[in-house]
Every structure is written in C-alpha cells, then in structure tokens.
Amino acid sequence: VISTTEYAVTNIDKFFIGCYVVFHNDDYSIHEEKIEVTNILGNNITLKKTPTNTILVGYNVKNIGFKSDLGHSYLYL
C-alpha cells in the first residue's frame, strides 16, 4: 500500500490500464467493489478512485478483466 489509490502488486503482467479489479480479504468479510486501474508504473497500480475499505497488505485481487472486453471480467452465475 503506497497511498489510498496506489498499490504494489505481484504478477504485474496480469494488469493493464483500463482493467477493473476487486480487492478482498481471505474470508471475504471485506469485499471491495470493482475499481478501474488508471496507471501502471513498475509493480504499482493506480486506481481511479479510493476504495471504500482500507486495503491492507495480503489482500487478494480478483476479477482482473480482459483487454479484449474493455477491461471487464466474466462472472459466472
């Protein structure tokens, strides 16, 4: 965690500008709405807005979108 909108991540090659991400803790008691990635520098991503919850080291990132779908991911119902 670098700032309220900038985060260091692993596997940076999965991210791209315009993708949407969802943060959550291990038991999903904290689950953040999807937020767009607006910048990437090194291993850091910048989000379009500040998450509602405080994102802590060790949280998981899910729903990384696909470039071919304008950054949106698929959801199975």
Side-chain angles (χ1 to χ4, degrees):
V1 178
I2 298 167
S3 73
T4 59
T5 58
E6 190 174 353
Y7 298 87
V9 297
T10 56
N11 299 325
I12 194 69
D13 56 325
K14 292 184 178 181
F15 297 86
F16 58 92
I17 294 172
C19 75
Y20 290 85
V21 295
V22 174
F23 293 93
H24 68 84
N25 62 357
D26 285 338
D27 67 2
Y28 286 86
S29 61
I30 296 177
H31 187 264
E32 190 64 44
E33 80 242 25
K34 69 180 183 177
I35 302 174
E36 184 178 356
V37 173
T38 59
N39 193 30
I40 297 174
L41 183 60
N43 285 334
N44 301 335
I45 61 170
T46 303
L47 304 178
K48 188 172 189 171
K49 64 180 187 172
T50 301
T52 305
N53 298 292
T54 301
I55 306 302
L56 302 175
V57 172
Y59 275 28
N60 298 301
V61 180
K62 299 289 183 194
N63 293 12
I64 300 170
F66 299 96
K67 288 183 183 180
S68 61
D69 292 320
L70 303 176
H72 296 282
S73 62
Y74 294 105
L75 297 176
Y76 293 96
L77 303 175

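Note that these values count all heavy atoms, side chains included, but never hydrogens, waters or copies made by symmetry. None of these values were measured; they are calculated from a predicted model.
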Taking C-beta and beyond as the side chain, do [X] and [Y] meet within less than 4.5 Å on heavy atoms?
X	Y	answer
Ile12	Ile45	yes
Phe15	Val61	yes
Asp26	Asn60	yes
Glu33	Lys49	yes
Tyr59	Pro51	no

(request) Working to the nearest 0.5 Å, report the span between OG1 of Thr10 and CG of Asn43. (result)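 It is 8.5 Å, given to the nearest 0.5 Å.
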
(request) To the nearest 0.5 angstrom, please state how far the OG atom of Ser3 sits from the CG atom of Asn44. (result) 9.0 Å

Tell me every residue that passes side-chain contact (heavy atoms from CB on, under 4.5 Å) with [X], counting only those two or more places apart in sequence or in another chain.
X	value
Thr4	Thr50
Leu41	none
Ser29	Asn25, Asp27
Asn11	Asp13, Lys14

State, to 0.1 Å, how close [X] and [Y] come at their nearest heavy-atom pair, and which atoms those are.
X	Y	value
Val22	Glu32	CG1-O, 3.0 Å
Val21	Phe23	CG2-CE1, 3.9 Å
Val37	Leu47	CG2-CD2, 4.2 Å

(message) When you measure from the side chain of Thr46 to the backbone of Thr38, do you find a donor-acceptor pair of N or O atoms at a distance under 3.5 Å?
(response)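 Such a contact is absent between Thr46 side chain and Thr38 backbone.
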
(request) Only counting residues at least two apart or in another chain, list the ones meeting salt bridge (charged side-chain N to carboxylate O under 4.0 Å, His left out) with Glu6. (result)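 In terms of salt bridge (charged side-chain N to carboxylate O under 4.0 Å, His left out), with neighbours along the sequence ignored, Glu6 is linked to no residue.
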
(request) Name all residues meeting the side chain to side chain donor-acceptor pair (under 3.5 Å) criterion together with Glu36; count only those two or more places apart in sequence or in a different chain, and write none if there are none. (result) none

